Asks: 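One structure coming up, written as structure tokens, with questions to follow.
Just follow the structure's listing: the first ligand is 1, and inside any ligand the first atom is 1. Everything quoted here is computed from the prediction, not taken from an experiment.
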Amino acid sequence: MERTKIFELLNSDDSMEQVLIKGWVRTRRDSKGFSFIEINDGSSLKNIQVVADEKLPNYADVKQLSTGSAIAVGGSLVASQGGGQRWEIQADDVQIIHLAPEDYQLQKKRHTDEFLRTIAHLRPRTNKYGAAFRIRSELAYGIHTFFRERGFRYLHSPILTGSDCEGAGELFRVTTLDLSKPPLKEGKADYAQDFFGTEANLTVSGQLSAEMFALALGDVYTFGPTFRAENSNTRRHAAEFWMVEPEMAFCDLDGNMDLGEELIRELTTYAIDNCADDLELFARWVDKTLMATLENIAQSDYIRLPYREAVDILGQSGKKFEYPVGFGNDLQTEHERFLTEEHFKKPVIVYDYPKSIKPFYMRVNDDGETVGAMDVLVPRIGEIIGGSQREERLEVLEARMEEMKMDKAPMWWYLDARRYGSVPHSGFGLGFERFLMMITGIRNIRDVIPFPRTPQNIEF
Ligand code: 4AD
Ligand code: MG
């Protein structure tokens, strides 16, 4: 007989004669003549209650069942006698697959997020993390659905690259050279003798590949892991994180902002509609204002604000910020949160940033000082999307690369795209973990990644 997922049984309309479930014991409670066993199989937040009668041939063993043990239960699905649940299982057969010893760390009590990070291999078995990672899975599907419905093609951009898209130098080097005695040339490691015959690193963004494919397939998106050796130990930065990067041919900055706004609104709606049970946990235990915040994000029109005006608002706010405000300074989380949480009380798209603080590929505006960049900022998180219209004019792009002292030679293929059929095109990157933080109210990025990688931490 095949096992049924507990989730399906809990949603059943009718009782059932014969069912088989397999899962892990959350609690066992003995009564006179029988025991109640709460079982969870990870298919949903809710457990199912099993009633095990003392007439079971192995009842003596059943009474030893400890939290965390794995069991298989055959029996019938019947309307529950007690309150609190609609259905329960009257067991005919309880097989003990594995008995967990008493030192199992997830006994029934609340644990801190900090402690659970030290047992990241077990934390998905808790209610909170089970819910967080089911939501993560649902939303990954939601992303593919969103783009597929709009005719976007899914592109697998490379993880190993030779370029630094963002130009921030936050690269993880990839090498097979023996680091204790690398071959040398003029006193430096000779990467010509390395695996790829040149320097290589993990990608910080799939954008450059996505641009090439947008100019071939029209509208594309990537969705995959990206890596940054940023040594900032903040609650919203990870060394390995997932990014969703759409890229659209024949699209300007306005169209780009439209898509970014639509993606966040639709995906938030998707979460509200498809993850109701799991979201309820977060609304109850993590952030009481969560559902109101999500409704606001799903329903409002986002503010569109030129960077210069954002700077004016911040300057006139009367607030004491830790970081300086003024043209040419990047916006910090504290500024982004002020704009979204206090000033406008909804998501804000800031655009036309100074070119001095943005990468080489962004389209230079007519003022010569700003570029067609846009960041979508949301309450509690700050920046969730970063994107731009791309520089499609060959001479302007080359001049900008020279100005930034970039080596143009290895970028010949990127420049080629501006030589043959160059068109206005735009795209952005949505940080998937930041989006999950927004959806769940979880405050630390480490808690929305199955096995987070941050400075000084690569355990599990
Ligand atoms: O603003 P960023 O650096 O933009 C790019 O990488 C562009 N190449 C994207 C594009 O236009 N195709 O990063 C995009 C988003 C940020 O807004 C943020 O949500 C997330 O990626 N992000 C991080 N998330 C977690 N940890 C980090 N270290 C992150 N760095 C960026
Ligand atoms: Mg950014």
Asks: What part of F241, side chain, backbone, both or neither, has a heavy atom within less than 4.0 angstrom of ligand 1?
Replies: side chain
Asks: Applying a strict 4.0 Å limit to heavy atoms, is R390 in contact with ligand 1?
Replies: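 Right, R390 reaches ligand 1.
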Asks: Quick one: which ligand 1 atoms are inside 4.0 Å of a heavy atom on R236?
Replies: 25 (C), 26 (N)
Asks: Would you say Y361 touches ligand 1, if touching means a heavy atom closer than 4.0 Å?
Replies: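 So Y361 counts as touching ligand 1.
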Asks: How are the rings of F223 and W242 set relative to one another: parallel (under 30°), tilted (30 to 60°) or perpendicular (over 60°)?
Replies: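 Correct class here is perpendicular.
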Asks: Have a look at ligand 1 and work out which part of I445, if any, has a heavy atom under 4.0 Å from it: side chain, backbone, both or neither.
Replies: side chain
Asks: Taking only Lys NZ, Arg NE, NH1 and NH2, and the carboxylate oxygens of Asp or Glu, determine whether K319 and E342 approach each other closer than 4.0 Å.
Replies: yes
Asks: Judged by non-hydrogen atoms, does E247 sit under 4.0 Å from ligand 1?
Replies: no
Asks: Checking contacts here: is it the side chain or the backbone of E433 that comes within 4.0 Å of ligand 1, counting heavy atoms only? Could be both or neither.
Replies: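 Answer for E433: neither.
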Asks: Report whether any nitrogen, oxygen or sulfur of D375 sits less than 2.8 Å from the Mg ion (ligand 2) (N, O or S, backbone or side chain).
Replies: no
Asks: Using a 4.0 Å heavy-atom threshold (strictly under), name the region of Q389 that reaches ligand 1: side chain, backbone, both or neither.
Replies: neither
Asks: Please work out which of the three classes, parallel, tilted or perpendicular, describes the rings of Y353 and Y307, given edges at 30° and 60°.
Replies: tilted
Asks: Could you label the plane-to-plane angle of the Y154 and Y221 rings as parallel, tilted or perpendicular, counting under 30° as parallel and over 60° as perpendicular?
Replies: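 Taking Y221 first and then Y154, their aromatic rings lie parallel (interplane angle under 30°).
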Asks: With a 4.0 Å heavy-atom cut-off (strictly under), which part of I384 contacts ligand 1: side chain, backbone, both or neither?
Replies: backbone
Asks: Quick check: A238 and ligand 1, any N/O pair under 3.5 Å apart?
Replies: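 So ligand 1 has an N or O lying under 3.5 Å from an N or O of A238.
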Asks: Heavy-atom distances under 4.0 Å are what count here, so tell me which part of Y221 touches ligand 1: side chain, backbone, both or neither.
Replies: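 It is neither part, as no heavy atom is under 4.0 Å.
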Asks: Which one of H237, E245, R228 has a non-hydrogen atom at the shortest distance from atom 9 (C) of ligand 1?
Replies: E245
